[in-house]
There are 2 protein chains.
Amino acid sequence: MIFNTTTYLVLGILLREPKSGYDIVKELASFRPAKSSQIYPILAKLEANGFVDCTQVQQDGKPNKKVYSVTSTGKAKLEAWLDTEPEPPVIRDDFLSMVYSVWIKEPETLERLIKDRKTYMEQRLDFFTEKLAVMEASFPADIHNFYSWRHCTRLLYSRRIAMTAQEIEWCNDVLKDHALARRTTEA
Amino acid sequence: MIFNTTTYLVLGILLREPKSGYDIVKELASFRPAKSSQIYPILAKLEANGFVDCTQVQQDGKPNKKVYSVTSTGKAKLEAWLDTEPEPPVIRDDFLSMVYSVWIKEPETLERLIKDRKTYMEQRLDFFTEKLAVMEASFPADIHNFYSWRHCTRLLYSRRIAMTAQEIEWCNDVLKDHALARRTTEA
DNA sequence: GCTCTCATGTAAATGGTTACATGATTCT
DNA sequence: AGAATCATGTAACCATTTACATGAGAGC
């Protein structure tokens, strides 16, 4: 069986807390989005190879669901992965590809591109700041405990927040430069 | 013909300056890495559909190469794309997936992960800082001229540098927290 | 009756990587 | 002779997305 990064992520999610495929998709949404058509086959393979167990759970007011939990073999596999070196990050960002070529258009196009990006990043910043605040209020002890998964979540939120704030700052710098240069040209 | 983001990037590279497939791969390497097996078919398709022209160039001391340049149709296509809205960015980062699950291991694993990341980011920071410095020294006028492609390159470098510096800062924060918490535990 | 959320999947297509194949030229 | 860089490509595979299919239950 082939273990790619997404498969390890699924194991990691289920190790925190048993979940259904549908719930895994929701958990991934804000962090590393994946479609259900990718998750369900991964779960099926993990189960077929004994890395996760599955139990049917009846719900009232909702359809039944299949809740998966990690086996000891699954946990061992995840632990072994954490001792390896991660690949360098890959960023797919259309926005950057557009900035790369935006010099062929009027300056207004760059301005629009940056303003839209800033708006998007401000929304993301609010989203993650809120998430972190809720977690801090709900689990004040866990988030500073090395052996709690919420500690890891806190680290990831704080990184996201810092990165997003940094990008907003960059947008402001570009817009400032832009305004300055245009005033100079007009004068 | 299907135009994906990579195809637009190839057009953007060739519009700055005509290049061979081999050169395009090198140009992309530090920004959005792609393999030659992806670039050559894109060039073939672009040529077959009249978006780029190709001329054989003899070189001495090196094998001959095929240099591509963008046609007016190709430029129009790129311009139209710049008026659309970019998709939200996608980040594939094994490191983050590892941090997500590292709570199941001893704290040393997190420490190692962060230290290695910091080292990697410091290398990247040096690389981009050097690149920007060279460009600033070589083309002091261009980098502030809206209608020069080097202006766009400067924006992308400055963003990369700020982002990378920010990530190093985050690594330092995590390591400081970590040291503090361990001292508290030992005391 | 219609839409929304919950829930699980399959099939086809696209985007990208890995592996392979070939050949010129330069440097050691 | 062997490795390194330059140069162009093909074939097979993997990862992910898009589109499709189905169905229960809730709320309007």
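Chain letters run A, B, ... following the sequence lines, proteins first, then strands; residues in each count from 1. Both backbone and side-chain heavy atoms feed into the values below; hydrogens, waters and symmetry mates do not.
Under 4.0 Å is where a charged nitrogen must lie from a carboxylate oxygen, and between B/D142 and B/R154 no such pair does. A/R159 and B/E167 are joined by a salt bridge, as a carboxylate oxygen and a charged side-chain nitrogen come within less than 4.0 angstrom of each other. Classification of B/K65 and B/D23 as a salt-bridged pair holds, one side-chain N sitting under 4.0 Å from a carboxylate O.
Nearest-nucleotide assignment on DNA chain D puts the 5′-proximal partner with B/S36, out of A/K35 and B/S36.
Applying the side-chain hydrogen bond (donor to acceptor under 3.5 Å, both in side chains) definition to pairs two or more places apart or across chains, none involves residues 35-58 of chain A.
The ring pair (Phe, Tyr, Trp, His ring centres under 6.0 Å) test applied to A/W81 returns A/Y8, not counting sequence neighbours. A/K26 is linked by a side-chain hydrogen bond (donor to acceptor under 3.5 Å, both in side chains) to nothing, counting only residues two or more places apart in sequence or in another chain. Not counting sequence neighbours, the partners of B/F51 by the ring pair (Phe, Tyr, Trp, His ring centres under 6.0 Å) test are B/F3. In this structure, B/R16 has no salt bridge (charged side-chain N to carboxylate O under 4.0 Å, His left out) partners at least two apart in sequence or on a different chain.
Within the 4.5 Å cutoff, the side chain of A/V99 has no heavy atoms near those of the A/R117 side chain.
Other members of the hydrophobic cluster containing B/V57, listed by chain and number, are B/V67; membership follows side-chain contacts under 4.5 Å among ILVMFWY residues, whether direct or relayed. Annotation for B/V134: hydrophobic cluster partners, listed by chain and number, are none (ILVMFWY side-chain heavy atoms under 4.5 Å, direct or chained). A/F127 belongs to a hydrophobic cluster whose remaining members, ordered by chain and number, are A/Y120, A/M121, A/L125, A/F128, A/L132, A/M135, A/F139, A/I143, A/Y157, A/I161, A/I168; membership requires side-chain heavy atoms of ILVMFWY residues under 4.5 Å apart, directly or through intermediates.
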Any protein N or O atoms within reach of nucleotides 21-28 of chain C? Criterion: under 3.5 Å, listing atom names and distances.
residue, atom, partner, partner atom, Å
C/dT25, O3', B/G61, O, 2.9

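For DNA chain C, the residues of residues 38-58 of chain B within the heavy-atom distance limit of 4.0 Å (strictly under) are B/Q38, sorted by number. Heavy-atom distances under 4.0 Å link DNA chain C to B/I2, B/N4, B/T6 of residues 2-31 of chain B, given in residue order. The stretch residues 79-100 of chain A does not touch DNA chain D, since none of its heavy atoms comes less than 4.0 Å from the strand.
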